[in-house]
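To find a chain, count down the sequence lines: A is the first, B the second, and so on, and within it residues start at 1.
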Amino acid sequence: MIVADRKPIEEIIAEIKEHEKILILGCNECVTVCEAGGKKEVGVLASALRMYFLNQGRDVKLDEITLERQCDHEYLEEIRDVIDQYDAVVSLACGVGVQFMAEKYHTMPVYPGVNTCFLGVTEKRGLWTERCQACGQCILARTGGICPVSRCAKRILNGPCGGSTQGSCEINKEISCAWQLIIDRLKALDRLDDYEQIDPIKDWSTDRAGGPRKVEREDVQQ
Amino acid sequence: MRLQYPSDINIILVPCTGKVDVLHILHAFEKGADGVYAVGCMEGDCHYNSGNLRARKRVEQAQSILETIGIGGERAQMYNLSSSEGPRFAQIAAEMDEKIRNLGPNPIKLAKKKAA
């Protein structure tokens with residue numbers, strides 16, 4: 001899932017303080033799971049902002065809506081009839097949702113309520129860690145299901161660098177060396193011979209190096 | 001044990017303080033409460049293992065939000081005591097009552113009155 005983290009309330013206040021009618025728009029998908037932008041976080045932010053503006057002697061209308069998703073036309077269409085009641089939207093979706101919202105409602109100011117961080121997993125409640133950088137050319141088949149692109153600080157593809165010490169990365173002892181994990185996993189799978197094969201130079205044009213990307217499938221298009 | 005405690009404290013019963021959410025605390029302040037405190041079991045004695053520990057974290061979260069928006073984090077507190085400590089319950093109530101009286105009324109209540 002896409003992992004996001006809450007923005008400090010002060011930062012959100014600084015962005016929206018000129019507005020009078022604000023919609024706090026949550027998303028029921030990834031940001032709900034990582035407890036950054038779901039219905040509950042929408043409620044907390046809206047309540048805090050209502051009290052802040054009241055305390056400032058300002059009558060600001062602050063409403064709460066949480067959509068199923070903000071990255072699909074049909075769900076964003078659900079607010080079409082009410083959007084004119086507001087002069088700004090704080091979207092608690094990931095950066096994708098914020099942008100899609102801005103594209104769809106072209107004249108409506110949209111502010112992000114979260115910082116979008118990475119594609120990752122919930123290791124335990126309150127701890128999310130990165131697993132994928134969406135490089136567009138998955139090599140997990142060769143690396144025992146552990147990704148050196150997202151989990152190695154240098155994104156190197158053929159074994160650990162000299163900074164790998166006792167299973168840890170040189171940038172931080174708390175971070176496991178991705179290549180140590182890969183070697184351990186290949187050993188467990190009895191596929192250590194795969195480690196001896198040198199990977200060809202990776203085609204990074206499918207990563208961000210090639211500019212904004214798209215996936216187009218005519219077979220499912222209408 | 002006919003213990004006295006301040007009469008302006010409104011007790012809301014929950015099955016466990018683990019049920020208390022940040023949102024409940026914030027909504028109480030939004031509705032005009034001058035202070036909110038959660039009274040949970042002693043740490044380590046939660047029937048549901050970690051309900052009171054979660055409540056403490058949520059109270060701390062609420063405190064941080066209240067501080068940021070200018071209401072004052074001290075208005076939300078967490079206390080722990082066992083169910084047999086009636087006198088301690090009354091003492092906490094008096095303590096909280098005094099603390100809130102010293103802080104004065106919830107500014108939201110005053111702002112609402114002004115706006116009306």
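- Residue-environment remark: CZ (Arg125(A)) stays at or below the threshold of 12 foreign heavy atoms within 6.0 Å.
- Per-residue counts of heavy-atom pairs under 4.5 Å with chain B were compared for Asp59(A), Val44(A), Leu49(A), Ile13(A); the largest is that of Val44(A).
- Put simply, the side chain of Asp21(B) reaches to within 4.5 Å of the side chain of Lys40(A), judged on heavy atoms.
- Applying the 6.0 Å contact sphere to CD of Glu123(A) captures more than 12 heavy atoms from other residues, nucleotides or ligands.
- When the shell of 6.0 Å around CD of Glu98(B) is examined, it contains 12 or fewer heavy atoms from other residues, nucleotides or ligands.
- Note that CD1 of Ile69(B) and CZ of Phe53(A) are 11.0 Å apart. Values are rounded to the nearest 0.5 Å.
- The line from OG of Ser47(A) to NZ of Lys31(B) is 10.0 Å long, rounded to the nearest 0.5 Å.
- Contact count versus chain A (heavy atoms, under 4.5 Å) is highest, among Ile65(B), Leu26(B), Asn106(B), for Leu26(B).
- Distance check, rounded to the nearest 0.5 Å: CG of Leu45(A) to CG of Leu23(B) gives 11.0 Å.
- Around the CD atom of Gln166(A), the shell of radius 6.0 Å holds no more than 12 heavy atoms that belong to other residues, nucleotides or ligands.
- Around the NZ atom of Lys57(B), the shell of radius 6.0 Å holds no more than 12 heavy atoms that belong to other residues, nucleotides or ligands.
- Within a 6.0 Å radius of CZ in Arg56(B), more than 12 heavy atoms belonging to other residues, nucleotides or ligands are found.
- Counting heavy atoms from C-beta outward, Ile71(B) and Asn55(A) have side chains that approach closer than 4.5 Å.
- Contact detail for Arg50(A) and His27(B): the closest heavy-atom pair is NH2-NE2, 4.3 Å.
- Atom NZ of Lys19(B) sits in a sparse spot, with 12 or fewer heavy atoms from other residues, nucleotides or ligands closer than 6.0 Å.
- Within a 6.0 Å sphere centred on CG of Asn102(B), other residues, nucleotides and ligands contribute more than 12 heavy atoms.
- Of residues 99-109 of chain A, no residue lies under 4.5 Å from chain B by any heavy-atom pair.
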